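Here is the structure we will look at.
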Amino acid sequence: MAEDDVYTKDGTIDIHKNPANKKKTGKWKACRFILGNECCERLAYYGMSTNLVNYLQIRLNMDNVAASNSVTSWSGTCYLTPLIGAFLADAYLGRYWTIASFSIFYVFGMTLLTMAASVPGLKPSCDNTVCHPTGGQTAVTFIALYLIALGTGGIKPCVSSFGADQFDENDEGERKKKSSFFNWFYFSINVGAMIASSVLVWIQMNVGWGWGFGVPAVAMAIAVVFFFSGSSLYRLQKPAGSPLTRILQVIVAACRKQGVQVPEDKSLLYETADDVESKIEGSRKLEHTNELKFLDKACVLRESDGMKGQGNAWILCTVTQVEELKSIIRLLPVWACGIVFSAVYSQMSTMFVLQGNIMDQHIGASFKIPSASLSIFDTLSVLFWAPVYDRLIVPMAKKFTNNERGFTQLQRMGIGLVISVFSMVAAGVLEVFRLEYVRKNKLYDAEYIPMSIFWQVPQYFLIGCAEVFTFIGQLEFFYDQAPDAMRSMMAALSLTTVGLGNYLSTLLVTIVTTVTTRHGKLGWIPNNLNKGHLDYFFWLLAILSVLNFFAYLFVAKCYRYKKVTGHLR
């Protein structure tokens, strides 16, 4: 067998730093460990976070607004710390060692949170239904939560890209399997989330918070074992040096040459002589594009540059290096349109839970389902729609679009944005009917309203359907459109939409509360929601989602996909 047929052509190596053998490494045999790791890690994360708003209310004695804002601020941080992990992965450690290193913070944070909920002295003292946390006990809880946020920063941006790295882009058979990987990756996330939102939430509300947080901590330890078990089968991409340095080099070089004229013949722009590989470790060459022409000045070779300039990237950059920056800039408008969608998604762990808290949670005479457990219908929706999309919708769409993926990634994301509007409409309509029932029967001070909590199912199910289109499409889109040597950074960038969506939700709740409580009014979101107008908040999000969709249509129409040349060796 020829050497070219033995080893991968995308520059990957094995755990021993040898060229990756195509038969012995990667593909689905490696991915099963990555998917198992992700399933257990997500079980740990959602097992702790799904019901967190209730923990803060019950154990830390927070009101509705404080608990909701604390959860969304923490959740937002969980989706911003990936920028740290992604930078280290792309620049220095590689994805494998970044995941391994940050898992330590994750396990330590989960252990500390379990202790804060179960160890006398660390857990708040409670009498009847009221707890009395000290400042130190509250501090320990939040230290644990933000250690977890730091731990997720090394895992979230790397694990999906690490899984996709197991398929050689230069092998047609393997490349086709990569798109399916993202669907099954998201499927495995939701298997973990389903167990978390059903079994673990029930344990937290009926057995105790110590057990409720202890099981997720064990799940995270199992996730680490899963990950290391597949080490001998993994394909590793070599780190390519600091992506931020390369970006700054382009900007500095372009500014230095602001008076230089860019030649009409783009073949005169500086690029390495190698026909296949660029100067950037682990990156293919990118074709020149005509947008953002000012940046092209960075790769104009002046007579004064000489041989010295060709060795100094602060003076002269390659076309590929310039196109890396252009690729990122082109992604930013698409990225921005995901923030409002993420604000809608964040309502599952906040306003949906608070809405469910005052509805009838009983199944039969004695069994009571925790309101946070309703998120299982979001999970079931994803578990239903992910394989349906992969096995039914894509083949059907191919007949009409002639696209091997059924829809382009941008079309897929847009469909999800539309579905998210209907989720907010469903939540708003339910709240209108609930408040009408309260007014008609004068149940303003009732602990719960005799309306089944299962009326919330449609809004959860629609959110899950929207996820399959938007979030999975976004994962695949940012991986495909990212420069080869910046894939962890771009995965982190896509995740920041979730973080910023949580912060946007926090900001909206804060503004709404401030404005609507003037002159002694109760406002839209009081502690007693029977006297508020939570439906107005859902209508606000629906309107923002519609405006966001029209902005997205304009952005998607203007977007130009990247073009690569050659392959890695």
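Just so it is clear, the model here is predicted, and its values are computed rather than measured.
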### Message
Ignoring hydrogens and geometry beyond distance, is a side-chain donor-acceptor pair present between Y186 and E467 at under 3.5 Å?
### Response
yes
### Task
Applying salt bridge (Lys or Arg N to Asp or Glu O under 4.0 Å), run through K285 and E271 and close with a yes or a no.
CA-CA 9 Å; K285 288 182 180 180; E271 184 57 279; 5.0 Å; no
### Task
Identify whether the distance between the nearest side-chain nitrogen and carboxylate oxygen of E324 and R246 falls below 4.0 Å.
yes
### Message
Any heavy-atom pair between the side chains of Y552 and L410 that's under 4.5 Å?
### Response
yes
### Task
Return the set of residues passing side chain to side chain donor-acceptor pair (under 3.5 Å) with T497 (not counting sequence neighbours), or none when no residue passes.
Q474
### Message
Rounded at 0.5 Å granularity, tell me how far CD1 in I251 sits from CG in L295.
### Response
7.5 Å
### Message
Salt bridge or not between D165 and R95? Use side-chain N to carboxylate O under 4.0 Å.
### Response
yes
#### Entry: K156 charged N/C atom sitting above Y79 aromatic ring, 6.0 Å / 45°
yes
### Message
Testing the 3.5 Å rule here: is there a donor-acceptor pair between the side chains of Q347 and S505?
### Response
yes
### Message
Counting C-beta onward and ignoring hydrogens, is there a side-chain heavy-atom pair between S49 and W74 closer than 4.5 Å?
### Response
yes
## Note on the structure
In this structure, CD1 of I15 is separated from OH of Y234 (nearest 0.5 Å) by 9.0 Å
### Query
Mind checking what makes salt bridge (charged side-chain N to carboxylate O under 4.0 Å, His left out) contact with D168, not counting sequence neighbours?
none
### Query
With a 4.5 Å limit on heavy-atom distance, are the side chains of L80 and Y503 in contact?
yes
### Summary
Of all heavy-atom pairs linking T289 and K326, the shortest is O-NZ, 2.8 Å
### Message
With heavy-atom distances below 4.5 Å as the criterion, would you say the side chains of Y46 and I189 are in contact?
### Response
yes
### Task
Flag the pair V224 / Y106 as yes when at least one side-chain heavy-atom distance between them is below 4.5 Å, and no otherwise.
no
Atom pairs and distances, side-chain donor-acceptor, residues 81-89, under 3.5 Å, sequence neighbours left out:
residue : atom : partner : partner atom : Å
T81     : OG1  : T77     : O            : 3.3
T81     : OG1  : A149    : O            : 2.7

### Query
With no hydrogens and no angle check, do the side chains of W335 and T496 hold a donor and an acceptor under 3.5 Å apart?
yes
### Query
How long is the gap from CG on L540 to CG on L544, to the nearest 0.5 Å?
4.5 Å
### Task
Using the six-membered ring of F181, assess whether NZ or CZ of K27 lies under 6.0 Å from its centre and within 45 degrees of the ring axis.
no
#### Entry: Axial cation check for F477 ring with R412, 6.0 Å and 45° limits
no
### Message
Under a plain distance cut-off of 3.5 Å, with no hydrogens placed, do Y96 and Q237 share a side-chain donor-acceptor pair?
### Response
no
### Message
Please give me the minimum heavy-atom distance between P243 and M489, naming the atom from each residue.
### Response
CG-CG, 3.8 Å
